[in-house]
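Here the structure is laid out as C-alpha cells; the discussion comes afterwards.
Below, all heavy atoms of this structure are taken into account, side chains as well, without hydrogens, waters or symmetry copies. In what follows, every chain begins at residue 1, and chains take the letters A, B, ... in the order their sequences are listed.
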Amino acid sequence: VLELIVISTLNGILFGMLLFLMASGLTLIFSMLGVLNFAHASFYMLGAFFGFQISRWTGFWPALFIAPVLAGALGAAVERFGLRRVHRNGHVAELLFTFGLAYVIEEIVQIIWGKSPVDFRIPPSLDFPAFTIFSTNYPAYKMFMLLVSIVIFVGLLAVLKKTRIGLIVQAALTHPHMVGHLGHNVERIFMLVFGVGTALAAVAGVIAGPALVTQSNMAALLGPILFVVVVVGGLGSLPGAFIASLLIGLIQTFAVSMNGSLAGAFGPLSPAYSHTWLADIWDVTVAQIAPIMPYVLLVLILIFRPMGLLGTRET
Amino acid sequence: MSELTSSIAPPYPTVSEKLKFYGVWVATGLFLLALPKVFGSSGALTMFSLIGISIIFSLSYNILLGQTGMLSFGHAVYYGLGGFLVIHAINIVSANKLPFPLPVIPLVGGFTGLFFAAIIGWVSTKRSGTAFAMISLGVAELVASSALILRTFFGGEAGITANRTKLMRVFDWNFGPQIQIYYLVAAWTLIAVVAMYALTRTPLGRMCNAVRDNPERVRFVGYDPHVVRYLAFCFAGFFAGIAGALAAINFEIANSAYLGAVQSGTVLFSTYIGGVGYFIGPIVGAIFVTVLSLNLSDLTSVWQLYFGLFFISVVTFAPGGITGLLMMHRPLIRGGTLGKVLPYYAIALIPALALMAGLVLAIETIVHYMVSPGDDPNVKAFGMSFNAASPVTWLVALFLIAAGFVAARKTWSRLARTWDDALAAARDRGYHA
C-alpha cells in the first residue's frame, strides 16, 4: 500500500505539474485579454506533433527547443492577425474564434499526421529506470518531465516577480491603459504573453508526447480537464491554478490506481438486480470513474465555492 | 400605475398587422404541408426531417446564446438525454401496450430535458460569461463520460434501439415510412417554433434580453439575474429535449454521440453561422449547416476543414451571421440607396472569389500530398478538376491567392466607403433600421 501511495503521489505531482505548465499560460492569457483560449490544448497537441516531427529529423533535444518556439510563434501570429481583429466583435466572438481554431487545428493535424497515434518515443539517453522503490522501477523520463516542469515553473515565477518585463506584464494585467500611457507597447506585450503562453503549452506537449499517446484527439481529451483546472482554481488566479493542477493530478492518479467498488465494499448485489442499471453503479470501480473525477470536483466546487478556490472576480 | 402602463404599452395592433402576423405562420404551415409534394424522394424527406430537428435544437440553443447571452458548450446533454429517454419510453409503451401514440412521445423528451436542465441549471447558471461556458463544458464531459459507464441504461458504445411502428396508431399511421416521420417532425417544428417565438414576446423573454445586456441594472430593478438565466436555461433544455426526441424517433436509435462534444459544437456552429441577433437566424443556420454537412462531403474529402475555416471567417468578418449580413441591408433597401452599393459588390466579389479558388486549390494540393501522395494526381474538388502534381496548378494557386488578396483589400475598402455613404443617405431619409 505504501508503494502505491508513493508511486501515485509521484505520478500525481507529475501530471499536476504538466497541467500547470498549460494552465499557467492559459491563466495569464485570460487575465490579460479577458479571453479563455479554447485552443490552448491544441497548442499542447501541436507541441507534441512538432516535437515528434522535428525529433525525427534532428533528434529529441533540439526538438525540445524548436517545437515550442514554433508553436509560440504560431500562437503570437494568431493573436496578432486573428484575435486582435475579432476583439472588436466582443468576448463571445473571441471565445468562439479560439473554439473554431481548435476545430481547425485538429482537422489539420489529422490531415498531416493521420488519426492513429504516431510513434513518438522516449529518447534512448533517458530510457532507463531512475530508481527502484519497493520493486517498482521508476522511469528516468518521468523524472526528467518533473524536472523540466519544475524548472519552468521556477523560471516563470522568477521572471514574473523579479524582472522588469515581469513587472510590466503584471501591471498590464490590471491597468493596461496606465501601462500604455507610460510608453509601453501594450499590444506587443499581449502578443508576447500569448506567444509565451502557447509555447509553455507546447513544452508540455513535447515532453508529454513520448510518455502519453501522441494522437490527433489528445487536445480534445485534455482540453476540458484544463478548463476545469482554471475554473476550480478561480479564473485568472495563478496560485489557484497551481493548487488546482496538483489537486486534479493527484485525484486522478490515485483514482486510477484504486480498484474498490461498491460491490467490493458491501458485497455483491443480489441477483434480482443484476441486470438493472443499479448493477452498473454497484460494480463500477474507482479506477473506471477516474476520468469523470475532475468534473465531479468542478460541480462540487461550484456548489460550495462558485468563485473557485482562490478566485476573486465574478466573471 | 395603470396610467403609466397604458402610456408605455405599444399601440394595439391594427387588423392588417394582425393578418400579416398570423398569415406568416399559416403560410409556413401550408408550405410544410406542400413540401413533400414537390420534393418527394426519400433522400429529400430525410433531409427535411433532419433540418426540422436541427431548427428546433438551434432555436433552443439561441434562447441561451442569443436571448440571454449565455455561451454553452454542452447543450447536447439535454438533446441526448431526451433522445435516450424517448427510446426507453417507446420500448416501455410498446411492451406494455400503453395507450400513447407516437406523436405525443416527443413530450417525454421535452420533459426529460426540462428535468435535467432544472437540476444542472441551478448550479451552472450561478455564473455567467466565460465561467458559465467552461462549466457547461465540464458538465457535458461529465454526462458524456457517465453515459459510457452506465451501460445498462445507455447501451454503451452501441447505444439503444427501439421500434417506432409498434405503438398505438393514429389515423391508421404506423410511422414506418419516412413521409409520415416528415409530417411528425414538421408538425413539432412548427409548434416548437411558434412556442419559442411566443416566449421571446413574454415579459420573461424581455428580461432575458435585459440580463444579456446589463445584469447589474436588472438587479437594480429588482430581478435576480440568476433566476432569469435559470428559467431561460430550463426552457432551452425543454426544447432541446424535444429535438433529441425527434432525432431518436427518426433514427430509432440513441447512442453516446447524441450527448457528445461534436453534437454540442454542431448546434453552436449552426446557431452562430445563422446569426444570434434575430429570431430567424438559427433557422437559417440550421438549414444552411444541415444542407452543407450532407452535401459538402461529396465535394471534398476534407470538408470539416473548410467548415472550420468558414466558421472562423464568420466569427471574424460577420459576427452577426448570415441573417446579420442580410439585415444590414434593410435600411438601404427601405431608403432606396441599395442601388448605389450593388455595382461595388459585383466588383468586390471577383477578387474575393479568385482568392477563395486559389485557397481551395492550394489546400486540395497540400492535402493530396499529405494524405495520399501515391494516388492519381488528378484531383476533383467542388466540381473543379486539376492536376495536383503539375507546377502550373501551384503557380495558378499562388497567383490567385496573391493577386486576389491584394485586389480584394482594395475593392472591399472601396465597397465599405460606398456602403457608409449609402447608409448615411438612407439615414438622412429617416430609415434607421
Side-chain angles (χ1 to χ4, degrees), chain A residues 30 34-36 38 82 85-86 88-97 99-108 110-114 220 223-225 227-228 230-232 235 275-281 284 288-289 291-292 294-299 302-303 306-308 311 313-315, chain B residues 65 69-71 73-74 120 122-124 126-135 137-146 148-154 215 261-262 265 268-269 272 276 301-320 363 366-367 370-371:
Chain A
F30 177 76
V35 173
L36 206 59
F38 212 93
R85 270 194 87 93
V86 181
R88 55 174 174 232
N89 299 346
H91 275 333
V92 168
E94 283 179 293
L95 187 56
L96 287 179
F97 177 83
F99 181 71
L101 189 68
Y103 185 85
V104 167
I105 289 179
E106 187 174 330
E107 289 304 320
I108 291 176
Q110 271 181 17
I111 288 170
I112 299 179
W113 287 284
I225 297 181
F227 300 125
V228 169
V230 293
V231 173
V232 165
L235 275 171
H275 288 290
T276 61
W277 54 273
L278 198 60
D280 287 329
I281 298 177
V284 75
Q288 280 173 305
I289 60 166
I292 66 171
Y295 310 113
V296 175
L297 181 71
L298 172 79
V299 173
L302 282 172
I303 294 172
M307 317 265 122
R313 277 196 276 178
E314 172 57 24
T315 38
Chain B
L65 181 58
M70 292 191 284
L71 176 60
F73 288 112
I120 297 169
W122 185 255
V123 180
S124 56
K126 277 187 184 171
R127 311 285 305 269
S128 62
T130 310
F132 172 81
M134 292 305 110
I135 293 158
L137 182 74
V139 169
E141 288 293 320
L142 178 65
V143 174
S145 317
S146 308
L148 288 175
I149 293 172
L150 301 172
R151 302 190 146 268
T152 320
F153 189 83
F154 291 101
V262 176
L268 166 59
F269 282 152
Y272 197 84
V276 294
S301 57
V302 287
W303 66 273
Q304 280 120 325
L305 177 62
Y306 288 105
F307 191 69
L309 291 173
F310 178 70
F311 178 70
I312 287 185
S313 23
V314 169
V315 172
T316 315
F317 299 109
I363 290 175
I366 294 168
V367 165
M370 284 298 170
V371 178

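In this structure, chain A has no heavy atom under 4.5 Å from any part of B:Ile363. For a residue to count as touching a neighbouring chain, one of its non-hydrogen atoms must lie under 4.5 Å from one of that chain's; by this rule B:Phe132 does not touch chain A. Proximity to chain B (any heavy atom under 4.5 Å) is restricted, for A:Tyr103, to the side chain, taken from C-beta onward. The parts of A:Val296 that come within reach of chain B are both its backbone and its side chain, each placing non-hydrogen atoms under 4.5 angstrom from that chain. Interface residue A:Leu298: only side-chain heavy atoms are found under 4.5 Å from chain B. Contact annotation for A:Ile112: both backbone and side-chain heavy atoms come within less than 4.5 Å of a heavy atom of chain B.
Using cut-offs of 30° and 60° for the angle between ring planes, the B:Phe311 and A:Phe99 rings count as perpendicular.
Using a 4.5 Å heavy-atom threshold, the side chains of B:Val139 and A:Tyr295 count as separate.
When all heavy atoms are compared, the tightest approach of B:Ala133 to A:Leu95 is CB-CD2, 4.0 Å. A:Ala93 and B:Tyr272 get closest at one heavy-atom pair: CB-OH, 3.9 Å. Taking both residues in full, the closest heavy atoms of A:Val92 and B:Leu71 are given as CG1-CD2, 4.4 Å, listed atom of the first, atom of the second, then distance. Scanning both residues, A:Ile292 and B:Ser145, for their nearest heavy atoms gives CG2-CB, 3.0 Å. Minimum interatomic distance between B:Leu305 and A:Glu107 (heavy atoms only, all atoms of both residues): N-CG, 4.0 Å.
Rounding to the nearest 0.5 angstrom, the gap separating the CG atom in B:Leu142 from the CG atom in A:Leu297 is 11.5 Å.
Highest contact tally toward chain B, considering only A:Val231, A:Leu96, A:Ile225, is held by A:Leu96 [criterion: heavy-atom pairs under 4.5 Å]. Listed options B:Leu137, B:Ile120, B:Leu65, B:Val276 were ranked by heavy-atom pairs under 4.5 angstrom with chain A; first place goes to B:Leu137.
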